[in-house]
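Below: the structure, in structure tokens.
Quick note on labels: first sequence line is chain A, next is B, and so on, each numbered from 1. In this text, all values refer to a predicted model and were calculated from it rather than measured experimentally.
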Amino acid sequence: MADENWIEVGSTDSIEEEDLIRFDHQDKTFCVYRLTDGFYATDGICTHEAVHLEDGLVMDDEIECPMHQGIFNIKSGEALSPPACDDLKTYPVKVDNDKIFIKIN
Amino acid sequence: MNKKIFILGGGQSALYAAREIRKNNIDVEITILGEEKFIPYERPPLSKDFLLDKRIDEDLYFCSKETLEEEKINYLNTIIIKVDFENNILVSEDNKQYTYDTLLISTGSKNRKLNINSEVDDEIFYLRNLEEAKNIKEKALGKKNILIIGGGFIGLEIASSFSQLNKNISLVEVGNQLMGRIIPNQIADLVKQFHEEEGNKIILNKTISEITKINEKYKILLSDNTEIMSDLIIAGIGSTPNVGLFENTKLKLDNGIVTNEFCETNIKNVFASGDVSNFYHPLYTKYMRLESYQHAQNHGLCAGKNISGIKTEYSSIPWMWSDQFNLNLQLTGICDDYDEIVERGKRIDDGIIYFFLKNKKIKGACGLGIAGKVGRDIRITSKLTEKNTIVDSSLLSDQSQKLNKLIQK
């Protein structure tokens with residue numbers, strides 16, 4: 001039985017490589033990414049202004065906010081370029097039977 | 001003795017240059033000479049979240065005083081009244097002298113002012129800095145009818161903010177479209193329509209003939225003899241490079257300080273960055289002067305590298321944004337040199353972008369969408385423009401197709 005902290009996001013083929021999907025759970029929004037070396041997850045809202053990162057551009061290991069081009073490292077959450085200055089929270093991800101899970105708590 | 005680097009001007013470009021210089025040099029003295037009592041702060045929120053009380057002064061600083069101290073970047077609040085380029089000396093209003101080895105000029109730009117009549121000219125408000133934003137916020141308290149003169153980014157952002165505070169807005173623009181200096185008319189028309197749907201009155205093709213103060217109100221007569229009554233007048237009619245200090249010196253001026261692609265002026269060891277610089281852009285092979293957040297930052301970083309001896313060409317594709325209501329407008333490149341226009345999207349909710357192409361290469365694009373709906377495609381467009389990529393316009397116009405596939409790695 002799966003650990004109850006792991007939340008199912010969807011199937012692995014629901015995300016193209018170097019892309020992301022938005023995942024809403026309870027009252028929170030997350031982004032789940034497929035990079036060349038695996039899947040990753042962060043908070044879904046930019047730390048600069050309240051805008052969804054789902055419309056942002058994924059390039060290599062970085063997500064760029066679609067509104068003001070703040071850039072974050074997807075793996076570490078580190079804010080790399082202004083106007084973003086606060087880091088993005090990241091979450092553990094695992095794949096089991098072609099399904100993606102993220103650990104939210 | 002350590003090399004002394006002075007940065008004239010205390011804005012975004014100055015700060016990014018200072019931090020870049022420090023990153024590359026441990027043992028130089030870096031001093032920013034700023035005319036404002038505040039350490040460098042973000043200006044974009046002044047016309048938006050600051051007026052709306054969503055952000056306060058402390059939220060606007062790029063970094064804390066402690067960070068500046070840790071990085072040994074001095075910030076001096078002083079007004080420089082003379083630059084002696086022969087002897088490398090800056091003279092302040094309080095008669096202090098500062099001798100530099102290298103000088104970076106990042107004095108930005110200043111507001112154009114209206115000249116209507118002496119009775120009211122001093123009562124027209126402008127918004128460029130934090131002090132002016134505080135002043136406008138205070139004056140607007142309890143006022144209902146606000147006249148905004150000028151339909152550029154700043155006027156429209158103030159109109160959006162005060163509309164959200166339930167004030168009645170009239171905005172008068174002399175041109176035949178909003179944001180006419182840089183934004184294509186297709187997007188300007190959508191913005192106009194959106195403001196009007198939110199209740200703002202947008203008046204194009206009119207000038208101010210007369211303003212009369214009656215008790216605490218203003219009667220404004222427009223060029224077509226219509227009258228508007230207002231409690232507060234704010235103008236945003238553009239800006240000019242802040243170069244008064246350098247007139248009649250050997251520093252080369254032409255619509256700002258003329259610099260090459262390395263932020264160098266015609267004087268050895270004197271650099272310029274940001275709004276004040278009319279710089280040579282190697283991709284567009286022409287000189288340009290830009291006033292935007294991205295440019296202030298990146299040009300400052302580039303100047304910092306060049307001052308540190310890391311020869312770096314500045315070739316960023318221009319990019320700027322404006323947030324009005326829940327709309328986000330973005331512009332990349334230059335939209336006035338094209339032989340084909342391609343439209344992508346039909347609804348603001350999903351984002352609408354107009355691409356301007358020449359010889360099948362994108363020269364510029366402008367988009368409008370709710371929140372960040374156009375951001376990704378505009379960003380991809382910047383990359384395509386930078387790489388001079390030939391693009392298939394049928395793909396650009398099809399919103400169901402992702403543009404990522406156009407980027408060649």
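- Only the side chain of B:K383 comes within contact range of chain A, with heavy atoms under 4.5 Å apart.
- Annotation: B:K23, atom NZ; neighbour count of heavy atoms from other residues, nucleotides and ligands within 6.0 Å does not exceed 12.
- Heavy-atom distances place no part of B:F62 under 4.5 Å from chain A, backbone and side chain included.
- With values rounded to the nearest 0.5 angstrom, B:N404 atom CG is found 6.0 Å from A:D19 atom CG.
- In this structure, chain B has heavy atoms under 4.5 Å from both the backbone and the side chain of A:H68.
- Using a 4.5 Å cut-off between heavy atoms, B:D323 contacts chain A through its side chain alone, with no backbone atom that close.
- If you run side-chain contact (heavy atoms from CB on, under 4.5 Å) between A:L57 and each of B:D377, B:I378, B:I380, only B:I380 comes through.
- Across all their heavy atoms, A:P66 and B:Q330 have their closest contact at O-NE2, 2.6 Å.
- Residue-level contacts of residues 30-43 of chain A with chain B do not occur; threshold 4.5 Å between heavy atoms.
- Between B:W319 and A:Q69, the shortest heavy-atom distance links the atoms CE2-NE2, 3.1 Å.
- Scored by the side-chain hydrogen bond (donor to acceptor under 3.5 Å, both in side chains) test, B:S160 finds B:Q164 as partners (sequence neighbours excluded).
- Remark: B:N298 CG to A:S81 OG distance equals 7.5 Å, nearest 0.5 Å.
- With a 4.5 Å cut-off on non-hydrogen atoms, B:K54 does not touch chain A at all.
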Inset, instruction - Give the intermediate values and the outcome of side chain to side chain contact (heavy atoms under 4.5 Å, CB included) for residues A:H52 and B:K373. - result: CA-CA 9 Å; A:H52 286 281; B:K373 284 294 174 191; over 6 Å; no
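- Taking both residues in full, the closest heavy atoms of A:D55 and B:R376 are given as O-CB, 3.1 Å, listed atom of the first, atom of the second, then distance.
- Between B:G372 and A:V51 the shortest heavy-atom distance is N-CG2, 3.7 Å.
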